[in-house]
Each structure stands twice: as structure tokens, then as C-alpha cells.
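Chain identifiers are assigned alphabetically (A, B, ...) following the order of the sequence lines, protein sequences preceding nucleic acid strands; residue numbering begins at 1 within each chain. Keep in mind that the numbers below use all heavy atoms, side chains included, and drop hydrogens, waters and symmetry copies.
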There are 2 protein chains.
Amino acid sequence: MDGWITQLRKGLLEVCLLNVLRRGESYGYEIVQELKRIEELAVSESTVYPILSRLRNEGLLKVRDVPSPAGPPRRYFSLTVAGKLRVAEMNAYWELLGQAMGKLIQGK
Amino acid sequence: MDGWITQLRKGLLEVCLLNVLRRGESYGYEIVQELKRIEELAVSESTVYPILSRLRNEGLLKVRDVPSPAGPPRRYFSLTVAGKLRVAEMNAYWELLGQAMGKLIQGK
DNA sequence: TTGGGTACTACGCAAAGCATAATAGCACGG
DNA sequence: CCGTGCTATTATGCTTTGCGTAGTACCCAA
């Protein structure tokens with residue numbers, strides 16, 4: 001991986017996860033599959049699971065364990081009220097950032 | 001500072017610096033002033049100088065020292081050929097990322 | 001019984017942002 | 001003559017993140 005791409009993603013994957021969950025409850029493995037469909041992200045399990053734990057510890061996500069039809073039980077995550085607020089903030093900031101970068105790239 | 005914002009910037013500031021230098025030669029202090037004008041970034045000296053050193057070590061920037069009218073000598077940075085290539089790559093990736101995020105945020 | 005898909009956890013490294021502080025030269029007012 | 005403030009850079013150390021690697025565990029089909 002190209003190094004600078006890895007760095008560009010820092011924090012961004014958190015935004016992605018929260019946005020996926022904005023559409024409704026989901027569990028780790030499914031979220032990974034979902035994000036893998038976006039080639040620009042090309043994310044892996046070892047990246048997503050720690051983020052989910054962290055967001056849960058921060059009180060942005062809540063968990064519900066459900067037995068799986070195959071494999072260990074699924075941990076369904078969904079947004080808490082704080083989580084919904086956070087994702088709104090993040091999307092707003094991302095929007096601003098996009099505009100600022102656009103100007104910068106076009107030499108202002 | 002809000003933590004998640006700090007993380008979102010990782011790698012991005014590098015892109016910003018290179019884009020500022022795409023307009024022509026500049027030195028650390030001036031670049032900081034330039035980026036401070038963009039409130040979304042609100043960058044500080046201790047962030048910018050290490051990035052400049054790093055980019056130079058990677059061969060993306062070249063340096064020219066010039067005595068300053070006030071204070072220590074200025075270190076003027078400019079893009080090398082590799083630097084110009086890199087900034088083009090980065091801008092392209094940023095564009096893709098913006099599109100992918102846009103879809104994600106709008107619920108696909 | 002062996003391979004493959006599902007599903008999660010744990011360990012540890014490298015890199016980035018940033019706070020803090022130190023250094024240093026010039027100009028201006030009192 | 002001395003302090004304050006602007007210019008301009010360097011050094012140190014902390015925290016967090018992404019991610020490679022590895023391990024655990026369950027089910028089903030060939």
C-alpha cells in the first residue's frame with residue numbers, strides 16, 4: 001500500500017462506518033463486505049473491528065448479540081443518539097473540507 | 001481540538017502543502033500563514049515544519065536557503081519532478097474519494 | 001476429513017498531528 | 001538601552017490510527 005494513501009484514510013474510515021450504520025443496524029463482517037465494494041477504500045477486517053470497538057467505547061454505537069447461522073455470534077451495531085449527532089457533524093465537516101480543498105487544488 | 005478532526009487531517013495536510021507549492025516556491029512560515037487563512041484547516045507551525053522536512057527527505061521537495069530580512073534564514077521549498085507527479089496522483093485520488101464519500105453519505 | 005465461507009479477537013508496529021519549548025535576528029517605543 | 005513583538009526554524013515526546021499477522025470457532029459440502 002502506498003503509505004500516503006494509508007495516511008489519508010485516517011479518521012475517514014470512521015466516517016465511512018458511521019455512514020453505513022446510518023442506514024440501519026449491521027454487524028462487523030457485513031460492514032467490511034459493504035466497504036470492500038468501494039475500491040477506493042479496499043478495507044480489511046483488522047481495520048474495521050477495532051474501529052467498531054472504539055466507537056462503542058466512546059458511546060457512539062450500541063451492540064446487540066445475535067446467534068449466527070454460521071460461525072460465532074454476530075454483534076449487531078447501531079447508532080446511539082450521540083452517534084447520530086457525530087455523523088452529522090462529520091459529514092458537515094467533510095463537506096467544508098471538500099470545498100476548501102477544491103479551491104486549493106484549483107490554485108484558489 | 002476534537003480528536004476525530006485531528007485524525008481526518010492525517011495525510012491531508014501533506015496534500016495541502018504540495019498544492020500550495022504547486023503555485024510556486026515558498027518557505028515554511030509563509031505556507032503556514034497561507035494555510036491559516038483556511039479556517040477548516042487551522043494549522044500550526046509544529047505541524048507544517050515536520051511535513052516539509054519529511055517531503056524533502058522523500059525527494060518530493062528541494063530546498064534553497066535565502067537570508068531573511070528579519071530573523072533566521074528562510075528555507076524556500078519547491079516541487080521536484082517527483083513532487084509534481086505525487087501531487088497529481090494525490091489530487092486524483094482525492095477526487096475519487098470525494099465521489100465515493102458523496103455516494104456513501106447519500107445512502108448510496 | 002478437509003477445504004472454504006462466516007465472524008470475531010488480540011498483538012504489535014509505523015506514521016502522522018500537534019503541544020510545548022527553545023533559539024535567533026530585526027525593529028519599534030518608551 | 002531594554003523589553004515587546006514579529007519573523008522563522010528546529011527538537012522532543014505523546015497519542016491515535018491503520019493495518020499486517022495470527023489465532024479461535026462454527027457450519028456445510030465434496
For A/E58, enumerate each residue passing the salt bridge (charged side-chain N to carboxylate O under 4.0 Å, His left out) test, keeping only those at least two apart in sequence or located in another chain.
->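 For A/E58, the residues satisfying salt bridge (charged side-chain N to carboxylate O under 4.0 Å, His left out) (neighbours in sequence not counted) are A/R86.
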
For A/K36, check salt bridge (charged side-chain N to carboxylate O under 4.0 Å, His left out) against everything at least two apart and list the hits.
->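 Counting only residues at least two positions away or on another chain, A/K36 forms a salt bridge (charged side-chain N to carboxylate O under 4.0 Å, His left out) with A/E45.
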
How many Å lie between [atom1] on [X] and [atom2] on [N], as a whole number?
X	N	atom1	atom2	value
B/W4	D/dG18	CH2	P	14 Å
B/L61	D/dT9	CG	P	13 Å
A/R56	C/dC8	CZ	P	12 Å
A/N57	D/dT16	CG	C1'	14 Å

Tell me which residues in residues 84-97 of chain B put a heavy atom below 4.0 Å from DNA chain D, sorted by number, or none.
->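 Nothing qualifies; none.
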
With B for base contact, S for sugar-phosphate-only contact and - for none (protein heavy atoms under 4.0 Å), nucleotides 25-30 of chain C reads BS----

Spatial distance of atom CG (B/N19) from atom CD1 (A/I105) [nearest 0.5 Å] |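 If I round to the nearest 0.5 Å, the distance is 5.0 Å.
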
Euclidean distance, B/K103 NZ relative to A/I38 CD1, rounded to 0.5 Å |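 One finds 8.5 Å between CD1 of A/I38 and NZ of B/K103.
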
Using a cutoff of under 3.5 Å, can you pull out all pairs of nitrogen or oxygen atoms linking the protein to nucleotides 9-15 of chain C, with atom names and distances?
{"from": "C/dT9", "atom 1": "OP1", "to": "A/R75", "atom 2": "NH1", "distance (Å)": "3.0"}

According to a strict under-4.0 Å criterion, is B/T6 in side-chain N/O contact with OP1 or OP2 of C/dC18?
->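 So the side-chain polar atoms of B/T6 do come within 4.0 Å of the phosphate oxygens OP1 or OP2 of C/dC18, strictly under.
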
Using the ring pair (Phe, Tyr, Trp, His ring centres under 6.0 Å) rule, collect all pairs that involve residues 61-99 of chain A, keeping only residues at least two apart or in two chains.
->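 Passing the test, one end in residues 61-99 of chain A: A/Y27-A/Y76, A/Y93-B/W4, A/W94-B/W94.
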
DNA chain C: 5'-proximal contact among A/Q33 and B/L41 (nearest heavy atom) =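 It is A/Q33, whose closest nucleotide lies nearer the 5' terminus.
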
